[in-house]
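Only this structure's heavy atoms are used, side chains among them; waters, hydrogens and symmetry mates stay out.
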Amino acid sequence: MKELFRKYKGVVVFLLLFSGTYLVLSLVYAGYLNWSDNGNLEADFVTNLVAQQSTVVLESFGYLAHIEPNPSQPSMQLFVEGRFLARIVEGCNAISVIILFIAFVVAFSETFKKTVLFILAGTALIYAVNILRIAILSISLYHYPKYEHVLHGVVFPGLLYGMVFLLWFVWVRSLTPTTAT
């Protein structure tokens, strides 16, 4: 058993670091969501901020956009040119994707400084691309409402997860190779 562990030590360490980081960050995020749930159906702070920033991006593209709190659930309603287009819910704020990204980077961590800097840069990039994703998805839904399922369910999530995959690829390629013992 000891020889088996020694042979697959790298895999075991990766799995422990990844799952441990993912679990801890997910519990912290769940605590935040629980703390922000004050019973009055308001969206949490980050989701609200993402909705506001997406509206600013939409307006910078020349669209009249605004958000309103959803009266029946904790989300924000997004309107473009006076037409209700989408609900921005907690899952739209990309925090879960950022947690997944961080867990992978930590599992393949190298030096503390390099890891932290890559996590900060990657998190900022994911957050910004998510805002842009929501804005472009809203414009797409405004012009092509019949493609909602494929746009919301396939194309735009694929772009966000594809970018995370590319960041992981960049991270792994930037690591200093070690010799196997």
Side-chain angles (χ1 to χ4, degrees), residues 18-19 21-23 25-30 32-34 36-37 41-108 118-173:
F18 179 85
S19 56
T21 303
Y22 187 82
L23 181 66
L25 292 176
S26 293
L27 288 172
V28 168
Y29 184 52
Y32 158 76
L33 289 174
N34 199 26
S36 67
D37 179 21
L41 297 176
E42 289 182 11
D44 65 278
F45 174 78
V46 177
T47 302
N48 196 322
L49 184 62
V50 164
Q52 290 174 28
Q53 292 168 333
S54 298
T55 303
V56 169
V57 171
L58 279 164
E59 289 173 343
S60 74
F61 289 156
Y63 290 85
L64 181 62
H66 75 279
I67 54 171
E68 296 175 6
N70 189 324
S72 61
Q73 55 187 218
S75 64
M76 301 300 290
Q77 295 176 321
L78 176 64
F79 295 82
V80 174
E81 302 296 336
R83 191 166 91 200
F84 171 71
L85 283 185
R87 287 178 305 115
I88 299 178
V89 299
E90 173 270 324
C92 299
N93 65 21
I95 299 298
S96 297
V97 176
I98 290 169
I99 288 171
L100 188 65
F101 165 75
I102 292 171
F104 183 88
V105 172
V106 167
F108 274 115
F118 192 80
I119 286 172
L120 291 174
T123 297
L125 184 62
I126 292 167
Y127 185 86
V129 166
N130 185 57
I131 300 293
L132 193 59
R133 174 188 75 97
I134 292 170
I136 294 172
L137 175 59
S138 300
I139 293 167
S140 300
L141 291 174
Y142 180 75
H143 291 288
Y144 307 104
K146 66 181 180 179
Y147 297 110
E148 176 184 359
H149 178 71
V150 72
L151 289 170
H152 183 265
V154 179
V155 174
F156 285 94
L159 292 173
L160 189 63
Y161 282 104
M163 188 196 67
V164 170
F165 180 79
L166 285 174
L167 284 170
W168 286 342
F169 182 77
V170 167
W171 176 245
V172 170
R173 297 282 295 177

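Partners of Tyr147 under the ring pair (Phe, Tyr, Trp, His ring centres under 6.0 Å) rule, at least two apart in sequence or in another chain, do not exist in this structure. Take Arg87 and apply the side chain to side chain donor-acceptor pair (under 3.5 Å) test, not counting sequence neighbours, and it matches Gln73. His149 pairs by the side chain to side chain donor-acceptor pair (under 3.5 Å) definition with nothing, not counting sequence neighbours. The side chain to side chain donor-acceptor pair (under 3.5 Å) search around His66 returns Glu68, not counting sequence neighbours. With sequence neighbours excluded, the residues satisfying side-chain contact (heavy atoms from CB on, under 4.5 Å) with Val154 are Val150. A search for side-chain contact (heavy atoms from CB on, under 4.5 Å) contacts involving Asn48 returns Gln52, Ile67, Met76, not counting sequence neighbours. Phe169 meets the ring pair (Phe, Tyr, Trp, His ring centres under 6.0 Å) test with no other residue; sequence neighbours excluded. With sequence neighbours excluded, the residues forming a side chain to side chain donor-acceptor pair (under 3.5 Å) with Tyr32 are Asp44, listed by chain and number. Among residues two or more places apart in sequence or in another chain, the side-chain contact (heavy atoms from CB on, under 4.5 Å) test is passed with Leu132 by Val57, Phe61, Ile136.
Here the closest non-hydrogen pair linking Ser36 and Leu33 is OG-O, 3.1 Å. Contact detail for Pro145 and Arg83: the closest heavy-atom pair is CG-NH2, 4.5 Å. Considering all non-hydrogen atoms of both residues, Phe156 and Ser140 come closest at CZ-OG, 3.8 Å. Leu141 approaches Glu148 most closely through the heavy-atom pair CD2-CA, 3.5 Å. A pairwise comparison of heavy atoms in Tyr63 and Glu81 identifies CA-OE2, 3.3 Å as the closest pair.
Pairs engaging residues 124-135 under the side-chain hydrogen bond (donor to acceptor under 3.5 Å, both in side chains) rule: Gln53-Tyr127, Asn130-Arg133 [sequence neighbours left out]. Counting only residues at least two apart or in different chains, side-chain hydrogen bond (donor to acceptor under 3.5 Å, both in side chains) contacts with residues 91-108 comprise Tyr29-Asn93, Thr47-Asn93. Pairs of residues two or more places apart, or lying in two chains, never qualify as side-chain hydrogen bond (donor to acceptor under 3.5 Å, both in side chains) while including a residue from residues 158-173.
One finds the OH atom of Tyr22 at 14.5 Å from the CZ atom of Phe104 (value rounded to the nearest 0.5 Å). Note: Ser75 OG to Ile88 CD1 = 9.0 Å, rounded to the nearest 0.5 Å. Here the straight-line distance linking atom CG of Leu23 with atom CD1 of Ile99 works out to 10.5 Å at 0.5 Å rounding. Here Ser26 contributes atom OG and Ile95 contributes atom CD1; the two are 11.5 Å apart, rounded to the nearest 0.5 Å. We find the CD1-CG distance between Ile119 and Leu167 to be 11.5 Å, quoted to the nearest 0.5 Å. Separation of atoms OG1 (Thr55) and CG (Leu64) is listed at 10.5 Å; rounding is to 0.5 Å.
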> Which is it for Ser138 and Leu58 under the side chain to side chain contact (heavy atoms under 4.5 Å, CB included) test, yes or no, and what are the steps along the way?
Replying inline: CA-CA 8 Å; Ser138 300; Leu58 279 164; 4.1 Å; yes
>> One pair to check against side chain to side chain contact (heavy atoms under 4.5 Å, CB included): Val80 and Ile139. What are the steps and the verdict?
In response: CA-CA 8 Å; Val80 174; Ile139 293 167; 5.9 Å; no
>> Could you walk me through whether Phe101 and Phe118 satisfy the side chain to side chain contact (heavy atoms under 4.5 Å, CB included) test, starting with their C-alpha distance in whole Å, then the side-chain angles of each, then the deciding distance to 0.1 Å, before giving a yes or no?
In response: CA-CA 10 Å; Phe101 165 75; Phe118 192 80; 3.7 Å; yes
> Hey, mind stepping through Val50 and Ile134 against side chain to side chain contact (heavy atoms under 4.5 Å, CB included) and telling me if it holds?
Replying inline: CA-CA 9 Å; Val50 164; Ile134 292 170; 3.4 Å; yes
